[in-house]
Amino acid sequence: MHRPTAPRLARILACAAVPMVLVAGCSGSGGGKKSESTPSASVTAKPSATPTLAAAKYPKLPDTCKALPAKTVEDLVPKVKDKAGKALTGSCFWWGLNDEKADDIQYRDLNLQYNGLSSEPALGSADKRAQEFAEQQVKKAMAEDSPKDVKNQAASGIGDWASTVTTTTTKKGVEYHNATIIARTANVVITLKYSGAGLEGAKAPDVSDLVKDAQGAAKEAVTAVAAANKK
């Protein structure tokens, strides 16, 4: 029987003593060439950067019922029933009935609403979200209370963006003319609705007069936003 040479026997014994996980390349024959294993490179994925959005310019909203000067409320709503306004959900409401002239009884009401938007990574910047909300408010004003004679046009000089919606609506047999100003100043949206009607056969207010007064009040409502954030 052929016996292995001393060098070959030593190599066989050495391989037998090594744990199986390490013996790749050990061979029963002396001519086998040991292969070298190359460890796979460990690649660490870098987390994607989260876009940084600017914080809302105006984190505070004015006290809605105190945002407009008292004189403005009295001018727009003659004989206003509650000068302090009635706080509703998200808005403030004033109304008045001027019946000094029996043949020209005039009703007016005013509603002011503020909405502040914040920056959200999944939704966009505060200003962008406010602009989207403002445009939704325009659509709402154009469809509210089954209106007719609906008109919408841009309004200049009121905040960063503004639109004027005029409509005619009828409630309980009374025809109302409405002027709604939707304005955006940075991340805050102002919705101001001014309505008027003539009662007992009186002539309804001129729409252009309503628009002029509503736009003036909307400018003051915009100014109140900046003032509220200086405190």
Side-chain angles (χ1 to χ4, degrees), residues 45-69 72-73 76 85-94 109-167 169 178-195 207-208 210-231:
K46 294 182 179 180
S48 58
T50 301
T52 301
L53 298 177
K57 181 177 181 179
Y58 298 125
K60 298 179 182 179
L61 296 178
D63 182 331
T64 311
C65 288
K66 296 179 180 179
L68 298 177
T72 297
V73 173
L76 269 62
K86 181 179 181 180
L88 304 176
T89 303
S91 68
C92 192
F93 181 77
W94 297 265
D109 68 46
L110 178 66
N111 187 281
L112 176 63
Q113 175 181 331
Y114 285 103
N115 291 91
L117 285 297
S118 59
S119 293
E120 299 289 346
L123 300 175
S125 69
D127 287 13
K128 174 180 176 291
R129 295 184 65 212
Q131 182 63 39
E132 293 171 347
F133 182 79
E135 292 170 5
Q136 291 172 4
Q137 290 292 86
V138 170
K139 293 179 180 178
K140 179 180 177 181
M142 293 176 68
E144 198 169 39
D145 296 326
S146 303
K148 60 181 182 179
D149 304 325
V150 180
K151 294 181 181 178
N152 174 35
Q153 60 184 9
S156 60
I158 307 175
D160 297 316
W161 177 94
S163 185
T164 300
V165 176
T166 57
T167 63
T169 55
N178 314 289
T180 304
I181 314 301
I182 297 93
R184 179 182 69 82
T185 176
N187 61 295
V188 177
V189 177
I190 297 96
T191 305
L192 184 146
K193 183 177 181 180
Y194 184 40
S195 301
V207 174
S208 61
L210 292 177
V211 169
K212 181 180 178 181
D213 289 340
Q215 289 183 345
K219 290 179 181 179
E220 293 177 326
V222 167
T223 300
V225 176
N229 284 272
K230 286 182 179 179
K231 298 178 181 179

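Residues: numbered from 1 along the sequence shown. Treat the numbers as computed from the prediction; the structure is a model and nothing was measured.
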When every non-hydrogen atom of I181 is compared with those of Q215, the smallest separation belongs to CD1-CG, 3.6 Å
Tightest non-hydrogen contact, residues P69 and E220, listed as CD-OE1, 3.5 Å
Say you draw a straight line from CG of N187 to CD of Q131; how long is it, rounded to the nearest 0.5 Å?
12.5 Å
Heavy-atom nearest pair, K60 first then A228, reads CD-O, 3.8 Å
So, does Y58 use its side chain to make a donor-acceptor pair with the main chain of V188 at under 3.5 Å?
no
Can you confirm whether P62 sits close enough to V225 that some side-chain heavy atom of one is under 4.5 Å from a side-chain heavy atom of the other?
yes
State, to 0.1 Å, how close A183 and I158 come at their nearest heavy-atom pair, and which atoms those are.
CB-CG2, 3.7 Å
How long is the span from the CG atom in L76 to the CG atom in L192, to the nearest 0.5 Å?
8.0 Å
If you measure from NZ on K148 to OG1 on T169, what distance do you get to the nearest 0.5 Å?
9.5 Å
Quick one: does Y114's side chain have a donor or acceptor within less than 3.5 Å of a partner on A221's backbone?
yes
Just to verify, which of V165, T180, T164 counts as forming a side chain to side chain contact (heavy atoms under 4.5 Å, CB included) with N152?
V165
If we ignore angles and hydrogens, is there a donor and acceptor under 3.5 Å between the side chains of N111 and Q113?
no
Evaluate L110 against L68 for side chain to side chain contact (heavy atoms under 4.5 Å, CB included), listing each step before the verdict.
CA-CA 11 Å; L110 178 66; L68 298 177; 3.8 Å; yes
Chi angles and distances behind the side chain to side chain contact (heavy atoms under 4.5 Å, CB included) call for V189, T191:
CA-CA 7 Å; V189 177; T191 305; 4.2 Å; yes
Working note: E132 + K128, criterion salt bridge (Lys or Arg N to Asp or Glu O under 4.0 Å); need CA distance, chi angles, decisive distance, verdict.
CA-CA 6 Å; E132 293 171 347; K128 174 180 176 291; 2.7 Å; yes
Run I182 and W161 through side chain to side chain contact (heavy atoms under 4.5 Å, CB included) and show every step you take.
CA-CA 8 Å; I182 297 93; W161 177 94; 4.1 Å; yes
Test your reading of the model: is there a side-chain donor-acceptor pair from D63 to the backbone of C65, 3.5 Å cut-off?
yes
Looking only at atom types and distance, does a side-chain atom of S119 sit under 3.5 Å from a main-chain N or O of A126, one as donor and one as acceptor?
yes
If you take all heavy atoms of L61 and G116, which pair is closest and at what distance?
CD1-N, 3.9 Å
Compare every heavy atom of D145 with every heavy atom of K193, then report the nearest pair and how far apart it is.
NZ-OD2, 4.0 Å
Just wondering, do L210 and N178 contact through their side chains at under 4.5 Å, heavy atoms?
no
Before you tell me yes or no, could you show the steps for R129 and S118 under side chain to side chain contact (heavy atoms under 4.5 Å, CB included), namely the whole-Å CA-CA distance, both residues' side-chain angles and the distance that decides it to 0.1 Å?
CA-CA 8 Å; R129 295 184 65 212; S118 59; 3.7 Å; yes
